[in-house]
Visitor: 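One structure coming up, written as structure tokens, with questions to follow.
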Amino acid sequence: MLKADVFNMRLKSGGSHELKCCIAKRLNKIISSSLNESLGEKLFADKKLELSPFQAVDFLGWGRWEQDPLGNRSWQWRLNWLSFLSYLMAYQYSSKNNEVIDFSREAIESWLNTYRDTDTSYPFEFIWHDHATALRAEQLVLFTYYCHEHAPEWANEHGEFLDYLEQSLVVHGQWLAKESFYSEHTNHGLEQARVLLLLGTVFEGALAREWQKVAIRRISSELEFSFTSEGVHVENSPAYHIFVFKVFSGIIKDYPAEVLGDLAEQFDQFSVKALNFITHILRPDGKLPPIGDTEQLPTSDAYREMFCHMPEYQHLRYALTKGKQGEVPPKLNRVYPRSGYAIFRDRWPDAAGYHLALHLIAKVGCSSRYHHQQDEGHISLYAGGEDWLIDSGMYNYINKDPVRRYMRGRAGHNVPLISHSAYEHDFEHRKNAWKVTEHSEAKAGPGLSMKLDVLRPVTQVRSVSMDAENLAVMVSDSFSSDDDEVRNITLQWHIPKNKTIRIEGQGAMVESPNGNRMLIEIDGPKPDNINLTRGVQGGKVFSFISYKANHYEESQLLSIVYKGCRSLEVNTRFTLQLLGR
């Protein structure tokens, strides 16, 4: 794969501005992390390999790169991009024990000796995996500079190994530069381009400069594709909106203008809108909603350095700190008709009652194939410091797992199940089969209507509105088709497991342990059945939620069943009765 002259490529040395920005800052962050230090000690001293956020496993020596002790692809991915090198660098820095570097060298040599000269035909997924290759190259770059900067005597004694490491980085650079290897217009492709830019910056020579040009061109294309004109990331997940936005922000911070060209200006054109989306999508408890592949966890403030001078950052800071700092955002409700989101609140409270606000999210449709779930028309409802209507979350990326399949499918969302209907085999249909037909961001009564043609041959029109004064949410559904087929239609409402649910006539009462309540009233034809299920019954998954990766718990499902319908119109009203309001 390598031409002879390519082996002459050398890493830059010295304290240039470029290297200080893209290397020194990252190394300082790695070695100053107490978590990294702890995990490094656990691996080196206790022989426990803990690839955060996974549980620790017994370390049995390097060379078992294709092992799968936890039955999880994400764990294998982390192992094969050598994520543990950050742990070992932090532990070596604190302990000053060069045996830790020897231990790291053994790991690197084991992987490179086994796989460097293979190609994508190798049967194990994570050797030349698009994302793993990029992150592994970054780890190896940082480890090389760590040795020169923080263990110079060791580096002088191991020049042959470091030369081998440099050559191997060139191999990684050539992989990342290949058009056929590039995963265009995905977060993986962005990471490939980001690390190719890093390699093009740290290496000397004409090929490195060409890598820079290729990387900048790709990053520009990724930026244009990744966010809608409304500043919302297209991969159907609030968590990936934040992740990708942070990647772009990091690129802009890490490289000087002469490298970036027009990229910084291009980034500025959408960054304000991207910040605003984060401000509104954050829940009153400070966490992200588990929509799409998102964990219900807090997010960090990684925006101050770049955006602190902007009023939009002060609005975001208000949401991030739950009213303790920053300024109250000027808008209460936001609808993103091109991106497929609507976010409504009853108020922006001060810090004392911030977590008690009402927060309603409607997810209208998907914008790309990546991280999509069958959640067209889903709504989530949080109020009074707790969840009432919930989504399913992410769980993991193992598509054969029945719980993962449930969470990605319609059964895992507050959307109807419709018999004798199906998604088109061509995924492109789904991207264009939803539309926000009208919407309002009015303070007292926001709402939207959506037309959904995702399940052929049925058309669903769902309208969602909120009465902020009376703490009520109204959902109106109508179903029609262009054939004469009779269908069963089941409205689904997923509710947390800690709620007590009583079916009462043509509706239900939902009560939380602290006395808050939600009344569900159905206006329309009498349902054939109203069922309450939870977890798994008879081997079938009915209702689960995943708040964080690789964990899930039971939730409850209230099913409103209509049988033998040619068309249907039904209204559902959710009225909250909150103590102290």
Side-chain angles (χ1 to χ4, degrees), residues 1-11 51 61-68 72-85 104-144 160-203 205-215 217-219 221-222 369-370 397-399:
M1 181 175 177
L2 286 171
K3 297 179 180 179
D5 57 333
V6 174
F7 279 119
N8 295 323
M9 291 183 68
R10 306 299 301 178
L11 288 170
L51 302 180
W62 302 120
R64 304 175 70 248
W65 300 106
E66 299 173 37
Q67 63 179 303
D68 189 15
N72 194 296
R73 291 176 61 251
S74 296
W75 189 92
Q76 294 178 303
W77 169 70
R78 287 183 177 275
L79 178 68
N80 279 276
W81 64 261
L82 312 184
S83 62
F84 54 83
L85 287 179
S104 305
R105 173 183 56 80
E106 291 169 4
I108 294 168
E109 285 183 330
S110 171
W111 197 98
L112 293 174
N113 290 344
T114 306
Y115 299 116
R116 193 188 81 166
D117 296 328
T118 62
D119 57 29
T120 52
S121 66
Y122 191 86
F124 182 59
E125 177 181 8
F126 293 111
I127 302 308
W128 297 112
H129 178 266
D130 53 1
H131 198 188
T133 299
L135 297 181
R136 182 171 56 248
E138 181 176 40
Q139 286 288 94
L140 295 177
V141 167
L142 294 171
F143 179 80
T144 302
E160 184 176 347
F161 164 72
L162 292 175
D163 285 344
Y164 176 55
L165 190 48
E166 285 190 32
Q167 294 169 8
S168 300
L169 282 169
V170 174
V171 174
H172 281 70
Q174 290 194 310
W175 273 112
L176 293 173
K178 287 167 64 75
E179 289 297 329
S180 60
F181 188 65
Y182 169 45
S183 298
E184 184 179 22
H185 293 165
T186 68
N187 66 81
H188 291 193
L190 173 60
E191 288 282 77
Q192 288 178 303
R194 178 184 67 83
V195 176
L196 183 62
L197 179 61
L198 173 66
L199 292 171
T201 302
V202 299
F203 273 102
L207 182 58
R209 290 191 292 273
E210 181 61 27
W211 287 351
Q212 273 194 342
K213 292 178 183 178
V214 171
R217 184 182 73 246
R218 290 179 180 175
I219 293 169
S221 176
E222 294 291 340
R369 178 184 296 274
Y370 290 88
Y397 293 114
I398 304 172
N399 291 330

Visitor: Determine whether the side chains of Ser83 and Arg78 contain a donor N or O and an acceptor N or O closer than 3.5 Å.
Guide: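 Checked: Ser83/Arg78 side chains show no N/O donor-acceptor pair below 3.5 Å.
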Visitor: I'd like to know if the side chain of Gln139 and the backbone of Trp81 have a donor-acceptor N/O pair within less than 3.5 Å.
Guide: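 Not a single qualifying donor-acceptor pair exists.
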Visitor: Please determine if Arg105 and Glu109 form a salt bridge, counting it only when a charged side-chain N lies under 4.0 Å from a carboxylate O.
Guide: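 Answer for the salt bridge query: yes.
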Visitor: Report yes or no: does Arg218 contribute a side-chain atom to a donor-acceptor pair with the main-chain N or O of Ala177 at less than 3.5 Å?
Guide: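 Pair found, side chain donor or acceptor close to backbone of Ala177.
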Visitor: Taking all non-hydrogen atoms of both residues into account, name the closest pair between Ala193 and Ala215 and its distance.
Guide: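 Closest approach of Ala193 to Ala215: O-CB, 3.4 Å.
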Visitor: For a quick test of reading the model, state the closest non-hydrogen atom pair linking Glu179 to Val214 and the distance between them.
Guide: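 So the minimum-distance heavy-atom pair works out to OE2-CG1, 4.4 Å.
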Visitor: Might you point out which heavy atoms bring Ser110 and Trp65 nearest each other, and give the distance in Å?
Guide: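 That would be OG-NE1, 2.9 Å.
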Visitor: Under the criterion side chain to side chain donor-acceptor pair (under 3.5 Å), I'd like the reasoning laid out for His185 against Ser221: C-alpha separation, chi angles, the key distance, then a yes or no.
Guide: CA-CA 8 Å; His185 293 165; Ser221 176; 2.8 Å; yes
Visitor: Can you tell me how far the CG atom of Asn72 sits from the CD1 atom of Ile398, to the nearest 0.5 Å?
Guide: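 With rounding to 0.5 Å, CG (Asn72) is 4.0 Å from CD1 (Ile398).
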Visitor: Going from NE2 on His172 to CG on Leu165, what distance comes out if it is rounded to the nearest 0.5 angstrom?
Guide: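 It is 9.5 Å, given to the nearest 0.5 Å.
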Visitor: Verify, without hydrogens or angle tests, whether Arg73 (side chain) and Tyr397 (backbone) share a donor-acceptor contact under 3.5 angstrom.
Guide: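 Yes; at least one donor-acceptor contact below 3.5 Å.
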Visitor: Is a side-chain N or O of Gln192 found less than 3.5 angstrom from the main chain of Ser183, in a donor-acceptor match?
Guide: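 Here the side-chain-to-backbone pair exists.
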Visitor: For Phe84, what residues pass the ring-ring contact (aromatic ring centres under 6.0 Å, His included) criterion, not counting sequence neighbours?
Guide: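 ring-ring contact (aromatic ring centres under 6.0 Å, His included) check on Phe84 returns Trp62.
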Visitor: Name the one of Tyr115, Tyr182, Phe181 that satisfies ring-ring contact (aromatic ring centres under 6.0 Å, His included) with Trp175?
Guide: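 One option only clears the test, and that one is Phe181.
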Visitor: Quick one: pull up CG in Leu140 and OG in Ser104 and give me the separation to the nearest 0.5 Å.
Guide: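 If I round to the nearest 0.5 Å, the distance is 11.0 Å.
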Visitor: I need the minimum non-hydrogen distance between Gln174 and Trp211, along with the two atoms involved.
Guide: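 It is N-CZ2, 3.7 Å.
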Visitor: Between atom CD1 of Ile108 and atom CZ of Arg116, what is the distance when rounded to the nearest 0.5 Å?
Guide: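 Separation between the atoms: 13.5 Å.
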Visitor: Nearest 0.5 Å please: distance from the CG atom of Asn80 over to the OG1 atom of Thr133.
Guide: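 Nearest 0.5 Å value for the CG-OG1 distance: 9.5 Å.
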Visitor: Looking at Ser168 and Leu112, what are the two nearest heavy atoms and their distance?
Guide: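 In terms of heavy atoms, the two residues are closest at OG-CD1, 3.4 Å.
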